[in-house]
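Worksheet: one structure, shown below.
None of the values given here were measured: they were computed from a predicted structure.
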Amino acid sequence: NMAIFFASSLATGGGDGSFSRPWTLQEGMDVESPDELRIIADGLYLPPATLAPSGIGTMSNPILITGCNLSGDVDGTKADISGATLPSETDILDHTITQYITYKNLIVRNSPRHGIACPNGDTRLHFNNIDILNNAQWGATPLTNSSAKFSFTNCLISGNMYGIGAVYNYRMPNLKLIACTIENNSDTGIYVGDELIVLKTIVKNNGVGIRANITAPAMWLISNSTFYKNTNAIDVGDGNLNLSIIESNIFRNNTGYAFKSGSTIIDRITIMNNCFSNNSSGDSDSGPITGNGNIHDDPLFVSEVEGEEDFNLQPTSPCISAGLNP
């Protein structure tokens, strides 16, 4: 049977991890192999030091660390972990060994450095219904680790300096985002190398939406997503995207280019069935992107009122049925 343990913000230490005698969050993270650690949403968690989970898990059976409601049930209720009282230059969550962990139903915020870091090991982390907010540097980063693999589903990455990824060449080689919102990250929303998948995601109000950290990244698939009011929506610098597809997206009101690349892009990448409109510098630094089903019309979002944006499409939108079937 699966071993389920509990942590509580009200715990004072010395419990056994049961619902009636829960651990502190530090105690829960120190357990070597809990199948599931449920963090009760019974108050604000303020860890005094970096949390470094000891659990290992496997690819087919990752450890689950999840928020739960006051009754101990996993129903989408988020437990709130804040780094507001951590020492300077400290991360909230660190992974220094090879681990397979799924994080679910959490808020990770206000770190004085990084929200989630992964400096070592072939670590694979999946995030589901996680808010990563207002961390001073990175929301989630592999640092210098070139083996870490992250995936995000239904997550909000907002208010950090950098959202997800790493500046270093070939770091963050494998990243997947499905149905996420990446917004208000002051420098870059997503900073990544090869093997990027972005599906049904909103990327808005970032410095740069998606930026490549190597000169010739490959195998990017960006589909059915919306890029709105970033500087450059996608910036590959002086590089190009080999074996990549950017299709069925909407690029609107970005203050730079929808797509920036120092080299000619059309011959190296399939850009098709996208909608471009009102991007201040244009479609790309190579000129307009035409043909292959690309259009240049107002997509007619339900609302573009600042703070109340609704990127669903009005019934008369020219983008309806203009993209590919996902």
Side-chain angles (χ1 to χ4, degrees), residues 1-9 11 13 15-42 45 47 49-69 71-83 91-109 111 114-132 138-143 145 147-157 164 172 174-178 180:
N1 293 329
M2 180 181 294
I4 298 174
F5 299 96
F6 293 88
S8 167
S9 65
D16 59 10
S18 65
F19 183 72
S20 58
R21 297 184 61 222
W23 288 320
T24 66
L25 188 52
Q26 291 279 162
E27 289 174 327
M29 294 289 183
D30 286 342
V31 175
E32 189 167 327
S33 58
D35 292 315
E36 183 175 329
L37 174 65
R38 297 188 181 184
I39 304 171
I40 303 170
D42 55 4
Y45 289 83
T50 295
L51 299 166
S54 298
I56 303 297
T58 65
M59 188 181 300
S60 60
N61 188 30
I63 291 167
L64 175 61
I65 297 176
T66 180
C68 66
N69 65 23
S71 300
D73 298 322
V74 178
D75 63 354
T77 301
K78 295 176 182 177
D80 190 353
I81 304 172
S82 171
D91 309 329
I92 296 176
L93 281 160
D94 262 356
H95 306 81
T96 58
I97 55 177
T98 297
Q99 295 174 292
Y100 300 86
I101 299 177
T102 294
Y103 289 102
K104 186 175 181 179
N105 304 327
L106 298 175
I107 300 169
V108 180
R109 62 185 177 97
S111 169
H114 312 313
I116 298 160
C118 187
N120 294 299
D122 182 18
T123 296
R124 304 188 183 199
L125 305 179
H126 178 63
F127 303 91
N128 187 344
N129 197 32
I130 303 291
D131 296 347
I132 303 176
W138 288 95
T141 178
L143 294 176
N145 183 356
S147 299
K149 296 178 173 64
F150 293 176
S151 61
F152 295 82
T153 304
N154 192 32
C155 292
L156 171 64
I157 317 294
I164 309 164
M172 199 76 271
N174 187 295
L175 175 63
K176 299 180 177 68
L177 298 100
I178 300 174
C180 293

**Message:** Applying the side chain to side chain contact (heavy atoms under 4.5 Å, CB included) criterion to T66, which one of I130, N105, L106 satisfies it?
**Reply:** N105
Close side-chain approach of [X] and [Y], heavy atoms under 4.5 Å:
| X | Y | result |
| --- | --- | --- |
| H114 | L143 | yes |
| I101 | H126 | no |
| R109 | I81 | no |
| F152 | I132 | yes |
| I65 | I39 | yes |
| I4 | F19 | no |
| M29 | L93 | yes |

**Request:** Give a yes or no on whether the ring-centroid distance for F150 and H95 is below 6.0 angstrom.
**Result:**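 Between H95 and F150, which both carry aromatic rings, the centre distance is not below 6.0 Å.
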**is_close_aromatic(F6, W23), centroid dist under 6.0 Å** = no
**Prompt:** Is the shortest distance from a Lys or Arg side-chain nitrogen in K78 or D80 to a carboxylate oxygen in the other one below 4.0 Å?
**Reply:** no
**Request:** Please name all residues satisfying ring-ring contact (aromatic ring centres under 6.0 Å, His included) with Y45, sequence neighbours left out, ordered by chain then number.
**Result:** none
Say you draw a straight line from [atom1] of [X] to [atom2] of [Y]; how long is it, rounded to the nearest 0.5 Å?
| X | Y | atom1 | atom2 | answer |
| --- | --- | --- | --- | --- |
| M2 | D35 | CE | CG | 5.5 Å |
| S111 | I92 | OG | CD1 | 4.5 Å |
| N128 | N154 | CG | CG | 6.5 Å |
| I178 | T153 | CD1 | OG1 | 5.0 Å |
| C180 | L156 | SG | CG | 9.0 Å |

**Message:** Could you go through D131 and V108, starting from their C-alpha distance and side-chain angles, then the distance that decides it, and tell me whether this counts as side chain to side chain contact (heavy atoms under 4.5 Å, CB included)?
**Reply:** CA-CA 6 Å; D131 296 347; V108 180; over 6 Å; no
**Asked** Checking side chain to side chain contact (heavy atoms under 4.5 Å, CB included) for the pair L177/I164: CA distance, chi angles, key distance, verdict?
**Response** CA-CA 10 Å; L177 298 100; I164 309 164; 3.6 Å; yes
State, to 0.1 Å, how close [X] and [Y] come at their nearest heavy-atom pair, and which atoms those are.
| X | Y | answer |
| --- | --- | --- |
| S54 | Q99 | C-NE2, 4.0 Å |
| T96 | P119 | CG2-CG, 4.0 Å |
| A11 | P22 | CB-O, 3.6 Å |

For [X], enumerate each residue passing the side chain to side chain donor-acceptor pair (under 3.5 Å) test, keeping only those at least two apart in sequence or located in another chain.
| X | result |
| --- | --- |
| K149 | none |
| D75 | N69, T77 |
| D16 | S18, R21 |

**Request:** Apply side chain to side chain contact (heavy atoms under 4.5 Å, CB included) to the pair I97 and I56, showing each step before the final yes or no.
**Result:** CA-CA 8 Å; I97 55 177; I56 303 297; 3.4 Å; yes
**Prompt:** Can you name the residues that form a side-chain contact (heavy atoms from CB on, under 4.5 Å) with N145, not counting sequence neighbours?
**Reply:**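 Here the qualifying residues are C118, P142, S147, A148.
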**Message:** For Q26, give me all partners under side-chain contact (heavy atoms from CB on, under 4.5 Å), at least two apart in sequence or on another chain.
**Reply:**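 Testing Q26 for side-chain contact (heavy atoms from CB on, under 4.5 Å), a comparison that skips the adjacent residues, returns T24, P47, P48, A49, L51.
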**Asked** With a 3.5 Å cut-off and no angle check, do the side chains of S9 and D42 form a donor-acceptor pair?
**Response** yes
